[in-house]
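Have a look at the structure below, then the notes.
This is a predicted model, so every value here is computed, not measured.
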Amino acid sequence: MRSSPRGTMEDSSRRVLQRLVRRIPTAQLRTTLEKWGRLTVAQRGSMDYTQTKWALTEKLLSVCEENEWTMKHITELEMIYVIDNPNQGMWHGFQLVDPEEDAHSVELSQFKEQFKSHLCELVRHVSVKIKKHTDEAVWIRIAWGDSFSRPNHLKPTYVVHHLQTPYVFVTSLTSKQKPLLSQALVLSTRHHAIKDANLSGRKLNAIRDLLMKQYQQVFPTNYPSPLAEKNETVSNPRIEREQAGSGANRHRMACEAFGDGMLPQLQSAVYKLETKYKDHTNRTMTERDEPFKCVVKFESPNLLESLRHCAASGIASTPVTPLLSSIPLKGRNYFVITDNGPGPSSQMHQTQN
């Protein structure tokens with residue numbers, strides 16, 4: 001086994017850097033390193049981006065050894081890449097509730113200090129890095145440890161929170177870590193609880209826009225009619241007027257239900273059914289005391305756009321059923337359907353000690 005001449009860089013830092021360079025596409029590596037701002041002009045010039053990923057990784061490791069950089073510097077580079085490329089994991093939305101009177105006045109420096117302080121009180125070994133993005137979002141990287149082990153930087157949790165709003169977006173969080181993060185967020189933002197928004201997706205901007213209502217939702221009363229579809233077999237002007245009017249009405253109702261213009265690229269919606277089986281021809285199932293349970297999942301590269309098109313084109317009936325229109329209306333894509341109507345799924349609540 002070949003011994004490594006590197007002595008100043010810890011193995012954990014080396015592994016994080018190796019994995020990170022493998023993740024970053026070669027065409028994007030130069031830009032990411034420039035944003036990092038740690039390499040000198042000479043060091044940037046020595047990077048040959050036509051080489052293999054292995055060679056680039058070895059070169060970057062050598063530079064890091066030369067500069068005696070630590071995990072702190074490597075995680076800076078990782079955050080830059082993740083912020084620029086957030087759609088690589090499953091994001092989950094949460095909502096802070098019951099704010100205190102001074103919740104609206106929490107500033108970045110105050111939030112950073114209190115969040116780190118509260119989390120470190122709950123977890124003996126934890127690494128927290130906080131960075132404010134250009135769109136005013138606060139990005140938090142958390143490497144978790146416990147009472148006996150050091151923080152695992154290979155499996156960090158990322159949190160995105162817009163100050164002065166109750167919305168939080170999280171990726172790569174385990175059930176064991178959830179109550180710890182929840183309590184730190186509740187205390188540092190001056191709220192009393194946090195709940196699951198029942199909204200998740202791989203595109204961070206999509207679930208953010210849907211939950212924070214950052215897309216076009218206000219529609220004029222007299223919605224402009226779409227272009228009439230050409231149908232060479234129809235020649236009766238009255239029929240043409242009726243078809244055009246019907247199409248315009250469907251288009252209006254579809255846009256009122258799902259939005260206008262560019263829609264958030266939500267990729268799925270899940271309906272968990274817990275209802276009584278209703279079919280008079282099947283007494284065995286109908287007379288069961290237990291509810292009939294199943295899961296229905298809709299998937300599409302852009303689910304809201306697909307649903308809007310189905311309603312506008314007449315594939316789906318209008319007015320749009322509340323089961324579908326509730327996705328943008330409530331900012332959710334996970335529903336539990338019972339005989340009493342849509343019900344809430346599990347919520348997580350944290351209270352101050």
Side-chain angles (χ1 to χ4, degrees), residues 86-87 89-99 103-104 133 135-139 158-171 173 178 181-182 185-186 189 191-219 253-273 295-311 316 319-338 341-350:
N87 303 330
M90 181 62 70
W91 290 90
H92 300 268
F94 295 90
Q95 186 170 354
L96 296 156
V97 295
D98 195 10
H104 66 281
H133 191 39
D135 66 352
E136 300 301 310
V138 177
W139 282 73
Y158 272 88
V159 181
V160 180
H161 172 52
H162 290 256
L163 291 178
Q164 320 306 333
T165 79
Y167 304 111
V168 181
F169 306 94
V170 185
T171 187
L173 184 70
K178 181 182 286 187
L181 174 62
S182 299
L185 284 168
V186 164
T189 59
H191 286 73
H192 288 102
I194 185 170
K195 67 177 184 178
D196 194 329
N198 299 304
L199 178 65
S200 61
R202 293 193 172 275
K203 293 185 179 295
L204 173 61
N205 288 347
I207 68 168
R208 179 202 63 194
D209 292 348
L210 195 60
L211 193 57
M212 299 176 67
K213 308 296 184 184
Q214 293 182 339
Y215 65 100
Q216 188 171 345
Q217 296 177 278
V218 180
F219 314 104
M253 286 190 286
C255 290
E256 287 177 351
F258 299 109
D260 191 20
M262 295 292 293
L263 299 178
Q265 293 185 22
L266 195 66
Q267 296 166 311
S268 66
V270 176
Y271 296 85
K272 184 177 180 182
L273 275 63
V295 175
V296 178
K297 186 174 184 179
F298 294 89
E299 288 186 309
S300 170
N302 191 333
L303 182 62
L304 295 180
E305 176 65 45
S306 298
L307 293 175
R308 182 175 65 179
H309 174 74
C310 287
V320 178
T321 170
L323 289 176
L324 298 178
S325 61
S326 288
I327 299 173
L329 181 64
K330 297 183 178 181
R332 296 171 55 180
N333 65 345
Y334 182 85
F335 300 88
V336 177
I337 311 301
T338 66
S345 67
S346 60
Q347 298 180 349
M348 62 173 183
H349 292 275
Q350 296 295 327

* So, for Pro264 and Ala206, which heavy atoms are closest and what is the spacing to 0.1 Å? -> CB-O, 3.4 Å
* **For Tyr167, ring-ring contact (aromatic ring centres under 6.0 Å, His included) partners two or more places apart** => none
* To do: Search all heavy atoms of Leu96 against all heavy atoms of His191 and return the closest pair with its distance.
  => CB-CD2, 3.5 Å
* **Any donor-acceptor pair under 3.5 Å from Arg308 side chain to Gly259 backbone** => yes
* Reported NE2-to-CG distance for the pair His161 and Leu185, which is rounded to 0.5 angstrom -> 7.5 Å
* In this structure, are over 12 heavy atoms from other groups packed under 6.0 Å from Met90 atom CE? -> yes
* How about Leu307 and Ile327: do any of their side-chain heavy atoms sit closer than 4.5 Å? -> yes
* **salt bridge (charged side-chain N to carboxylate O under 4.0 Å, His left out) involving Arg208 - partner list, sequence neighbours excluded** => Asp135
* **Note, Val170 side chain near Phe94 side chain (heavy atom, < 4.5 Å)** => yes
* Asked: To the nearest 0.5 Å, what is the distance between CD (Glu299) and OG (Ser306)?
  -> 11.5 Å
* Could you tell me the separation between the CG atom of Asp209 and the NZ atom of Lys203, rounded to the nearest 0.5 Å? => 12.0 Å
* Look up atom CE in Met253 and atom CZ in Phe258, then write down how far apart they are to the nearest 0.5 Å. => 11.5 Å
* Asked: Backbone N or O of Leu323 within a donor-acceptor pair of the Tyr271 side chain at under 3.5 Å?
  -> yes
* Nearest-0.5 Å distance that lies between atom CG in Leu324 and atom CG in Leu303 -> 8.0 Å
* Structure fact -> Here the gap from Leu210 atom CG to Tyr215 atom OH, rounded to the nearest 0.5 Å, amounts to 5.0 Å
* Heavy atoms of other groups near His309 NE2, more than 12 under 6.0 Å -> no
* To do: Find out whether Tyr334 and Asp196 are in side-chain contact, i.e. whether some heavy atom of one side chain is under 4.5 Å from a heavy atom of the other.
  => no
* Asked: Mind checking what makes side-chain contact (heavy atoms from CB on, under 4.5 Å) contact with Val138, not counting sequence neighbours?
  -> Leu108, Phe111, Ile130, Ile140, Leu163
* Distance-only, no hydrogens or angles: does the Ser300 side chain make a donor-acceptor pair with backbone N or O of Gln267 under 3.5 Å? -> no
* Where do Lys272 and Val295 come nearest, in terms of heavy atoms and distance? -> CG-CG2, 4.3 Å
* What are the two closest heavy atoms between Ala137 and Val160, and how far apart are they? -> CB-CG1, 3.9 Å
* Could you tell me whether the side chain of His104 reaches within less than 4.5 Å of the side chain of Pro99, counting heavy atoms only? => no
* Asked: Considering only heavy atoms from C-beta outward, does the side chain of Leu173 approach that of His92 to under 4.5 Å?
  -> no
* Asked: Can you tell me if Asn333 uses its side chain to pair, donor with acceptor, with the backbone of Ser200 under 3.5 Å?
  -> yes
* Provide the closest heavy-atom pair for Leu204 versus Pro86 in the form atom of the first, atom of the second, distance. => CD2-CB, 4.0 Å
* Heavy-atom closest contact (Gly331 atom, Lys213 atom, distance) -> N-NZ, 3.8 Å
* Asked: Does the side chain of Glu136 come within less than 4.5 Å of Gln164's, by heavy atoms?
  -> no
